[in-house]
Amino acid sequence: MRAEAFSTAVLDWYDRHGRHDLPWQQDINPYRVWVSEIMLQQTQVSTVLNYFDRFMASLPTVQALAEAPEDEVLHLWTGLGYYTRARNLQKTAKIVMAEYGGEFPRDVEKLTELPGIGLSTAGAIASISMGLRAPILDGNVKRVLARFTAQEGYPGEPKVAKQLWAAAERFTPHSRVNHYTQAMMDLGATLCTRSKPSCLLCPLERGCEAHMLGLETRYPIPKPRKEVPQKRTLMPMLANREGAILLYRRPSSGLWGGLWSLPELDGLDDIQHLALQHSLELGQQQQMPGLVHTFSHFQLAIEPWLIRVEESALHVAEADWLWYNLATPPRLGLAAPVKTLLKRAAEVLNAGESS
């Protein structure tokens with residue numbers, strides 16, 4: 001299928017069946033497209049919808065994001081995961097304000113120089129919000145093109161990625177690039193899905209090599225599987241007399257960077273040292289149901305304990321520690337499993353008060 005026929009078929013399908021009512025498709029500007037693209041990385045549209053609306057309600061402009069407290073940004077991101085995305089969002093917002101006068105550069109190469117913006121995200125911003133001809137290769141588009149060309153090899157390998165980028169460049173039209181970009185993402189999300197592609201409804205069915213071979217689900221070639229290692233940690237939830245839980249802010253780099261979390265210990269023996277550090281007297285200890293959280297490269301098995309404590313009047317508060325009030329929680333960024341554990345702790349503490 002020639003490039004012109006490819007893009008025409010995709011655009012005709014988009015006009016009839018594409019999605020036109022997503023929140024980031026309304027009042028289109030580079031800021032809204034950028035935030036939506038970052039949120040959609042490794043995250044489904046259905047999950048992003050509510051997060052996007054809340055984020056835009058609180059931080060409607062790049063200036064508002066640049067000037068917001070980091071805790072507010074991470075709070076709005078809590079539950080989306082991959083928190084480096086949120087920190088890079090704010091870094092980029094500050095650069096756009098300081099170096100570009102609050103306007104995103106109308107240049108793909110300059111966009112890729114901003115923190116957290118790769119070539120595909122830059123292409124989406126440029127094409128959807130600026131009308132510039134720029135190919136993209138996000139997960140959905142990668143799947144469509146890998147099947148259409150029956151591309152051998154894992155797309156994460158540089159040689160294979162280069163071939164898919166060449167296909168993306170070849171098929172991207174010179175007009176209606178904004179609609180074409182959205183259409184390609186829609187095709188991958190709604191028809192050319194990972195496990196059950198709807199080939200009979202696809203506008204590219206006649207030219208798709210994977211379909212002609214009857215090997216649609218073989219492509220894209222998956223990443224060679226490796227066994228995921230598991231790590232263990234004990235997380236104590238130290239609850240004071242008011243039912244508040246002791247949290248600390250994690251370092252800005254690394255896992256859950258900048259988020260507020262529960263202490264992580266090797267075992268129960270380490271709790272005494274933690275109590276001494278904060279001048280706490282330990283009381284009743286109760287083991288809670290365990291939790292396993294999966295990261296991209298390992299699993300974390302969490303052993304949570306709810307421990308009542310009494311505070312010393314002489315204790316001086318430390319900057320990176322706080323008592324998290326479960327009844328009226330502050331707006332902080334929390335790691336998803338920590339948010340789950342705090343909710344469970346609140347249920348246990350409330351049940352104790354009512355009994």
Side-chain angles (χ1 to χ4, degrees), residues 22-24 31-56 58-59 62 65-66 68-95 111-125 136-143 155-156 161 185 188-189 194 222-223 226 228-231 233 235 249-262 264 291-302 331-342:
L22 296 170
W24 44 89
Y31 175 69
R32 289 172 65 84
V33 172
W34 166 57
V35 172
S36 70
E37 286 297 313
I38 300 300
M39 285 187 170
L40 287 164
Q41 290 172 1
Q42 303 183 66
T43 310
Q44 293 183 338
V45 169
S46 57
T47 301
V48 169
L49 290 173
N50 289 334
Y51 279 94
F52 181 83
D53 285 340
R54 281 198 299 271
F55 198 94
M56 285 298 148
S58 297
L59 306 172
V62 68
L65 173 56
E70 184 184 73
D71 274 331
E72 175 68 6
V73 178
L74 293 173
H75 170 75
L76 292 166
W77 204 268
T78 293
L80 267 178
Y82 302 99
Y83 291 92
T84 301
R85 296 184 295 173
R87 293 193 297 276
N88 281 336
L89 270 179
Q90 191 162 42
K91 287 179 187 174
T92 286
K94 289 177 178 179
I95 294 171
L111 286 169
T112 62
E113 293 171 359
L114 296 168
I117 298 182
L119 188 55
S120 186
T121 300
I125 297 168
I136 71 162
L137 197 65
D138 73 347
N140 287 317
V141 176
K142 199 176 291 180
R143 188 163 55 252
M185 291 191 286
R194 186 174 287 108
K223 183 178 183 178
K226 292 183 180 178
V228 179
Q230 187 173 88
K231 301 179 182 180
T233 189
M235 285 190 176
R249 189 199 291 272
R250 294 180 64 90
S252 58
S253 60
L255 291 174
W256 296 335
L259 299 181
W260 291 85
S261 183
L262 294 162
E264 295 184 34
L291 196 64
V292 176
H293 185 73
T294 301
F295 293 94
S296 58
H297 53 293
F298 74 95
Q299 286 185 328
L300 182 65
I302 300 170
R331 292 173 71 84
L332 303 175
L334 300 171
V338 172
K339 188 175 181 180
T340 298
L341 292 173
L342 291 174

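- Aromatic ring pairs are classed by plane angle as parallel below 30°, tilted from 30° to 60° and perpendicular above 60°; the pair Phe295 and His293 is perpendicular.
- Summarising the geometry, atom CG belonging to Leu255 is positioned 8.5 Å from atom OG1 belonging to Thr84; distances are rounded to the nearest 0.5 Å.
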**Asked** Checking side chain to side chain contact (heavy atoms under 4.5 Å, CB included) for the pair Met235/Leu291: CA distance, chi angles, key distance, verdict?
**Response** CA-CA 10 Å; Met235 285 190 176; Leu291 196 64; over 6 Å; no
**Request:** Starting from the C-alpha separation in whole Å, work towards a yes-or-no answer on side chain to side chain contact (heavy atoms under 4.5 Å, CB included) for Leu89 and Leu65.
**Result:** CA-CA 8 Å; Leu89 270 179; Leu65 173 56; 4.2 Å; yes
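- Using a 4.5 Å heavy-atom threshold, the side chains of Arg85 and Thr43 count as touching.
- Looking at every heavy atom in both residues, Leu76 comes nearest to Tyr51 through O-CD2, 3.5 Å.
- The shortest heavy-atom contact between Tyr83 and Leu334 is OH-O, 3.2 Å.
- Of all the heavy atoms in Ala336 and Gly79, the pair that sits closest is CB-CA, 4.5 Å.
- You'll find the side chain of Met56 stays beyond 4.5 Å of the side chain of Pro23, heavy atoms only.
- Taken to the nearest 0.5 Å, the CG atom of Leu74 stands 12.0 Å off from the CZ atom of Arg331.
- Looking at heavy atoms from C-beta onward, Asn88 lies out of side-chain contact with Tyr82 at the 4.5 angstrom threshold.
- Looking only at side-chain heavy atoms (C-beta outward), Arg249 and Leu332 stay at 4.5 Å or farther from each other.
- Across all their heavy atoms, Gly254 and Arg87 have their closest contact at O-NH2, 3.9 Å.
- By the 4.5 Å heavy-atom criterion applied to side chains, Met39 and Phe55 are counted as neighbours.
- Looking only at side-chain heavy atoms (C-beta outward), Ile95 and Pro115 come within less than 4.5 Å of each other.
- The CD1 atom of Ile125 sits 14.0 Å away from the CZ atom of Arg32 when rounded to the nearest 0.5 Å.
- Looking only at side-chain heavy atoms (C-beta outward), Phe52 and Thr47 stay at 4.5 Å or farther from each other.
- Distance check, rounded to the nearest 0.5 Å: CG of Asp138 to OG1 of Thr121 gives 8.0 Å.
- A heavy-atom distance below 4.5 Å is not found between the side chains of His75 and Arg54.
- Summarising the geometry, atom OG belonging to Ser261 is positioned 14.5 Å from atom NZ belonging to Lys339; distances are rounded to the nearest 0.5 Å.
- Scanning both residues, Trp34 and Ala93, for their nearest heavy atoms gives CH2-N, 4.0 Å.
- In this structure, Glu37 contributes its side chain and Ser120 its backbone to no donor-acceptor pair below 3.5 Å.
- Of the inter-residue distances, the one linking Thr294 atom OG1 with Gln299 atom CD reads 4.0 Å to the nearest 0.5 angstrom.
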**Request:** Step by step, work out the side chain to side chain contact (heavy atoms under 4.5 Å, CB included) result for Trp24 and Val45.
**Result:** CA-CA 11 Å; Trp24 44 89; Val45 169; 4.1 Å; yes
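- Shortest non-hydrogen contact noted between Val73 and Ala86 is CG1-O, 3.9 Å.
- Counting only N and O atoms by type, the side chains of Glu70 and Ser252 include no donor and acceptor under 3.5 Å apart.
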